[in-house]
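The block underneath contains the structure these notes are about, expressed in structure tokens.
To find a chain, count down the sequence lines: A is the first, B the second, and so on, and within it residues start at 1. Being a predicted model, the structure only gives us computed values, none of them experimental.
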Amino acid sequence: MDSELRDLYQQVILDHNKSPRNYKKLENANFEAEGYNPLCGDRIDIFLVVENDIVKDISFQGSGCAISKASASLMTHMLKGKTKKEAEELFVKFHDLITGKLGDNPSLDELGKLAVFAGVKEFPARVKCASLAWHTMHSALNKEEKIISTE
Amino acid sequence: MKSGIINKTIYDVDKIRKDFPILESMIHGKPLCYLDNAATTQKPKSVIDSDVNYYTHLNANIHRGVHFLSEAATKAYEDARTKIQKFINASSEKEIIFTKGTTESINLVAQTLGRSILKEGDEIIISTMEHHSNIVPWQLIASEKKAKIKVIPITDNGDLILDEYKKLLSQRTKIVSIVYVSNSLGTINDVETIISLAHEQNVPVLLDAAQAVNHLPVDVQKLDCDFLAFSGHKLYGPTGIGVLYGKSHYLELMPPYQGGGDMISKVTFKETTFNTIPYKFEAGTSNIAGTIGLGVAMDYVNAIGIDNIAAYEHELLEYATEELLKISGLRIIGQSDHKCSLISFILNNIHPHDVGTFLDFEGIAIRTGHHCTQPLMDRFGVPATSRASFSLYNTKQEVDILAAGIKKVIEVFK
Ligand SMILES: Cc1ncc(COP(=O)(O)O)c(C=O)c1O
């Protein structure tokens, strides 16, 4: 495989695409949003349970390419336990990573496993795929909290 | 090599490929395998040279100068109109209007004919397999006029259900606007039947022929369609130039589309009289270089012969269908018995975007996405497909490269 292509489709990404983590609907979610990429028809639903400003649980469902699915899967993995503010900050950092704003040798400590998406910056057409879940998470957190019926 | 056989019998494709400079390109270190012809075709050198020649030797505004260059440019422009007229066998040059492309041609009819005849409760018939450009212009005028859009359903194979069409046709039907060849499925619709049924009710029919004129001989008089729209760039011509054919009695009745220079015969502040057809619909300085280039593209196609192109592409389609169906996990969306040379497919558990990116690294250009036909994707319950579309310069070797590329993708995602 071409090395640029291998950088985009790292094993971790292929793996999360095949067996996405937290792929389900959270019935008790108090924040949720639907994301849609009209260009490719990708759809994603993000569900969050936020208590005292902390993401207690997060999940997703939807259809999309390997990049968007793996990105959603890894995002849910990374955000569990983070505060809302930390989640938003990580989104900014992640966005900078995939759009090449972090330069050639970024410090990837904060990004942890998300570093596997560094290859996306060579594929401008795929930035939207990698960021769809994050944009949707962002819009979910900025919506009004859903009143969960306890009946 | 087995692929040599058709390549030589209908025409010498190796020779033809030399007419298209871009086909020499290397992409990611591999020879370009251009299979995105339904999006736009590549241009032969004669069309590319025409642009340079126009701006080097002919550039002047048309229809308005008495000087040498203006007359020469006007003649070249009007010669292109005659070439188009002959190409689709219209009865007069007056019936050929130059536009930006299929999209503008359809908008023109919606905004002029649609605006003047539609009333509240009237109906426009389209189909499930329309390109957005044959949906949205009708929605715009329908919502303004409180008219309704009726949609002919399709079978799982991708054929229009004509019995349902018959049921939709009624006194309320004012316009039928249908795609001749589907850009997502490849289906060649039975437009003769659609037209004759509409005409029994005196309803005019527009054909979106964007994917037809480059694959089939199209004779507007034989078809008896009232309007026909197509784009030059899918027919080996330049971008930004297209055609609207309209029967002259409709064109005479229709109000102008845009106002400006060229489309008038006399202007005072009190009153303006409009120019005759087709000029009534060509306001402002047109894409002169593009129009002349489209004429050159017609010459190119005519020299090979559209019947030969159709026959050649049909063999390519059959070969490609056979080869792709050998790949397990591949499903073809659009399996009509009457198809042009394009194949939409999906792979088990592999998203078309991933397929597109992997094939790109093999030098293969295909289209992935909804192909501007979202309602059709919904009909098949898929968000997107991968589409390989073939044209007169593609070869069986390229089909083999595509099949090998797809197998590689499947291997990676296994
Ligand atoms: C069937 C069909 N109709 C209309 C169009 C729109 O053509 P254009 O974008 O050239 O106006 C296309 C091109 O994609 C098409 O395939």
Gap separating the CZ atom of B/Phe358 from the CG atom of A/Asp2, nearest 0.5 angstrom: 10.0 Å
Sidechain N-carboxylate O distance under 4.0 Å for A/Arg126, B/Asp354: yes
Pair A/Phe123 and B/Phe361, ring centroids less than 6.0 Å apart: yes
Approximate separation, where rounding is to 0.5 Å, of B/Ile350 CD1 and A/Lys18 NZ: 10.0 Å
Structural part of B/Thr357 lying under 4.5 Å from a heavy atom of chain A: both
Within 6.0 angstrom of B/Ile22 CD1, more than 12 heavy atoms from elsewhere: no
Exercise answer: donor-acceptor pairs, residues 404-414 of chain B side-chain atoms, under 3.5 Å, sequence neighbours excluded:
from: B/Lys408; atom 1: NZ; to: B/Glu362; atom 2: OE1; distance (Å): 3.4
from: B/Lys408; atom 1: NZ; to: B/Glu362; atom 2: OE2; distance (Å): 3.1
from: B/Glu411; atom 1: OE2; to: B/Lys414; atom 2: NZ; distance (Å): 3.2

Side chains of residues 35-48 of chain A: which donor-acceptor partners sit under 3.5 Å, not counting sequence neighbours?
from: A/Tyr36; atom 1: OH; to: B/Gln374; atom 2: NE2; distance (Å): 3.4
from: A/Asn37; atom 1: OD1; to: A/Leu39; atom 2: N; distance (Å): 3.1
from: A/Asp42; atom 1: OD1; to: B/His351; atom 2: NE2; distance (Å): 2.9
from: A/Arg43; atom 1: NH1; to: A/Glu34; atom 2: OE2; distance (Å): 3.4

NZ/B/Lys148: more than 12 non-hydrogen atoms of other groups inside 6.0 Å: no
Contact origin within A/Ile67 toward chain B - heavy atom pairs under 4.5 Å: both
B/Arg17 atom CZ, over 12 foreign heavy atoms within 6.0 Å: yes
